[in-house]
Colleague: 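Dropping a structure here in structure tokens format, bear with me for questions.
Quick note on labels: first sequence line is chain A, next is B, and so on, each numbered from 1. Because only heavy atoms are used, hydrogens play no part in the values below, and waters and symmetry mates are left out as well, while side chains stay in.
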Protein chains: 2
Amino acid sequence: MVTVRDVARKSGFSVGSVSIVLNNAPLARYMSDEAKRRIKEAAHKLGYKPNQFARSLRGIRSHSVGVMVFDVTDPFCTLIIRGIENTLYEQSYLSIFADAHNERSRFERYLEMMLERRVEGLIVVANWLVVDINLLADLERHRIPTVIVARQIQRQSVSSVLVDNENGGRMAIQHLYDLGHRQIAVLRGPKAVEDSGLRWSGIRRFAKSTNLKLDPRLTVDLPDSPDANYSFEAAQHLTADLLQRKLPFTALLAYDDVTAIGAMRALTNAGIRVPEQCSIIGFDDVAAASFTSPALTTVRQPMQAMGATAVQLVSEAIRAGSEKRDFSPVTRLLAPELVVRHSTAIVRR
Amino acid sequence: MVTVRDVARKSGFSVGSVSIVLNNAPLARYMSDEAKRRIKEAAHKLGYKPNQFARSLRGIRSHSVGVMVFDVTDPFCTLIIRGIENTLYEQSYLSIFADAHNERSRFERYLEMMLERRVEGLIVVANWLVVDINLLADLERHRIPTVIVARQIQRQSVSSVLVDNENGGRMAIQHLYDLGHRQIAVLRGPKAVEDSGLRWSGIRRFAKSTNLKLDPRLTVDLPDSPDANYSFEAAQHLTADLLQRKLPFTALLAYDDVTAIGAMRALTNAGIRVPEQCSIIGFDDVAAASFTSPALTTVRQPMQAMGATAVQLVSEAIRAGSEKRDFSPVTRLLAPELVVRHSTAIVRR
DNA sequence: TCCCGAAGTTCGATTTAAATG
DNA sequence: GCATTTAAATCGAACTTCGGG
């Protein structure tokens with residue numbers, strides 16, 4: 001292992017000078033260019049890499065950010081992770097990664113481990129499960145910049161990044177409306193999930209503004225569940241039930257893509273052709289959405305951008321902290337985007 | 001921050017004694033039980049947590065393992081990541097995570113950053129892209145235990161964990177054969193991907209043993225590509241081409257699930273019903289496989305187990321290293337599993 | 001005033017050699 | 001000499017102080 005001492009010996013300067021030059025410390029302006037050059041050259045030749053532990057021990061930056069995901073298995077979050085990774089990379093941060101597995105105890109233990117490693121910031125990807133209050137209190141107790149992705153939080157110290165759910169809900173229903181659909185079934189998400197409520201209010205607002213009637217008997221909720229993939233089966237059953245009630249509908253608006261795909265399966269099984277006899281629209285634009293037959297029309301969440309934005313927020317907050325400026329947490333709502341594929345069509349007359 | 005000094009003050013002993021007791025060092029047997037009790041109590045009361053940086057600085061363990069993924073976006077690797085995470089968690093390791101983005105330069109930079117953090121071991125998830133030779137040399141230069149998942153490597157110092165591809169290929173073809181299929185199209189993976197070759201040799205071996213004829217005109221290769229998701233489109237085109245040639249086939253064996261789903265789309269588009277007119281079988285058992293209509297029959301890779309095994313191998317190697325024992329790298333082949341869903345059926349006469 | 005160096009201190013935990021009764 | 005405990009050195013970087021030219 002090459003240390004400052006080695007560089008000092010090789011370059012003929014003292015450890016102090018080496019440290020000053022290599023860190024571009026204020027005192028470096030008193031050093032001659034020649035000295036700087038020689039020191040840098042020696043460092044490079046020896047392949048000197050400052051020991052991160054020694055730096056961190058001195059309370060300098062740890063150059064790492066904690067990334068806590070609630071469920072890596074959820075297809076929704078892989079692109080978010082890429083966005084996070086990508087942007088952290090650009091800013092030379094390394095990420096300490098943890099999959100909380102939707103378990104509170106894991107979350108807490110990981111949080112502690114991350115704090116021990118002195119992460120400079122924390123990004124929580126809160127897919128699916130409800131984040132309970134105590135857990136947020138945990139996040140608030142420590143004083144490091146925290147951003148939560150895909151969930152809005154009303155707290156003093158935590159920023160949020162998420163898609164504009166209300167607007168997204170509106171885009172979905174409007175797309176169906178524009179295609180001429182008037183009898184629309186809505187498969188809402190679990191009641192405990194806030195996203196679902198927001199999307200629903202976007203839907204309702206649009207309906208009200210256009211005098212579209214949404215039959216309450218055609219509006220059903222997914223059950224609460226800790227498993228994101230379970231919603232596929234649940235959606236299948238709910239849709240099958242819906243069909244049995246013999247209430248006509250020409251389109252189905254689903255809470256998310258997995259739900260939509262489940263619904264599509266139920267319709268196909270019942271001999272109903274998509275989109276000729278029934279249109280389907282999802283939400284998220286998960287990878288699997290383009291793999292279905294027909295390919296799923298959906299409202300895309302800009303997941304990679306969400307990840308990138310999260311990193312920008314923490315990194316701003318970190319900078320603010322180190323410069324002793326204030327940084328009040330913000331909520332960033334990113335615009336969703338309608339992706340028209342082949343699961344929606346003009347209504348048959 | 002509570003330090004040893006605080007514990008020492010509170011308990012009335014010296015820092016040294018505190019350290020000795022709390023770490024159960026050899027010298028601890030000379031300390032009175034009473035002293036031990038009081039020290040432990042004080043530490044507990046103060047909520048003392050040893051500073052990881054200080055420990056690591058002294059060359060003790062860093063308690064972290066690097067996890068390098070070539071492409072997080074690939075649905076294939078999320079379950080592997082979960083397996084890795086899960087097992088690392090059990091062993092109290094924290095993971096430093098990086099997404100190499102299929103780029104060599106990123107890989108190298110991340111590798112360097114990880115080494116700076118003194119990761120005790122390294123796990124590389126080599127989905128899709130070919131790992132080039134130089135890169136392996138990089139892995140070999142440093143002396144930390146390394147395991148590569150999903151790729152077999154003939155090197156002195158790197159262990160491998162992967163599915164038994166050859167056997168998996170055999171299982172796939174045998175399933176089709178058992179259903180009565182004799183005219184089978186095979187969509188192989190890119191030539192540069194070793195997995196594909198191994199699966200193919202399993203297929204050929206089975207064919208030979210049963211006198212099944214595989215028409216070379218029905219065997220096509222996916223093009224090499226840096227993007228895992230591109231294979232969906234490629235498979236679609238290849239299958240469409242195949243259909244145009246008017247060579248009859250009653251089943252299609254695809255390199256992996258994404259490929260299979262692409263092929264399924266092409267068949268559906270051409271008005272061919274799956275599985276009634278053509279059976280399809282995939283490989284991997286990605287999440288999307290159960291979402292297609294009909295649900296995809298496939299050969300499952302035990303991805304979570306692969307991740308877990310990788311961790312076990314590094315952790316064994318780390319232990320061996322710290323006890324100055326030898327640990328020669330091994331290759332672990334995990335058994336695939338046939339998952340029969342609804343995309344395969346008995347051949348029509 | 002400008003340029004540079006030597007030496008010492010700090011961070012927190014571990015480990016050694018040494019000192020106490 | 002023995003059982004117990006402790007002071008001091010160590011790890012590597014960074015910053016401070018003082019001092020010389």
Colleague: Evaluate the criterion salt bridge (charged side-chain N to carboxylate O under 4.0 Å, His left out) for residue pair Arg106(A) and Asp99(A); output intermediate values, then yes/no.
Modeller: CA-CA 8 Å; Arg106(A) 274 182 190 248; Asp99(A) 172 18; over 6 Å; no
Colleague: Does Arg37(A) have more than 12 heavy atoms from other residues, nucleotides or ligands lying within 6.0 Å of its CZ?
Modeller: yes
Colleague: Mark yes or no: Arg118(B) above the aromatic ring of Phe53(A), with NZ or CZ under 6.0 Å from the six-membered ring centre and no more than 45 degrees from the axis.
Modeller: no
Colleague: How many Å lie between CE on Met31(B) and P on dT20(C), as a whole number?
Modeller: 18 Å
Colleague: Show me the side-chain donor-acceptor pairs of residues 17-27 of chain B shorter than 3.5 Å, one per line, residues at least two apart or across chains.
Modeller:
from, atom 1, to, atom 2, distance (Å)
Ser17(B), OG, Ser14(B), OG, 3.1
Ser19(B), OG, Asn23(B), ND2, 3.4
Asn23(B), OD1, Arg55(B), NH2, 2.8
Asn23(B), ND2, Ser19(B), O, 2.8

Colleague: Atom CZ of Arg9(B) to atom C1' of dT6(D): distance rounded to whole Å?
Modeller: 16 Å
Colleague: Whole angstroms only, please: what is the OH-P distance between Tyr30(B) and dA17(C)?
Modeller: 14 Å
Colleague: If you count heavy atoms of other groups shown closer than 6.0 angstrom to CZ of Arg109(B), is the number above 12?
Modeller: yes
Colleague: Using a cut-off of 4.0 Å on non-hydrogen atoms, how would the nucleic acid contact of Arg29(B) be classed: base, sugar-phosphate, or nothing?
Modeller: nothing
Colleague: When you measure from the side-chain N and O atoms of Ser17(B) to the phosphate of dT6(D), is any distance below 4.0 Å, counting only OP1 and OP2?
Modeller: yes
Colleague: What is the distance, rounded to the nearest whole Å, between atom CD1 of Ile39(B) and atom P of dA13(C)?
Modeller: 14 Å
Colleague: Does Ser32(B) reach a base, just sugar-phosphate, or nothing at all? Heavy atoms under 4.0 Å.
Modeller: sugar-phosphate
Colleague: Decide yes or no for Val2(A) and Lys49(A): does some side-chain heavy atom of the first lie under 4.5 Å from some side-chain heavy atom of the second?
Modeller: no
Colleague: For nucleotides 11-21 of chain D, read 5' to 3', which letter fits each nucleotide if B means a protein heavy atom sits under 4.0 Å from the base, S means only the sugar-phosphate is that close, and - means neither?
Modeller: BBBB-------
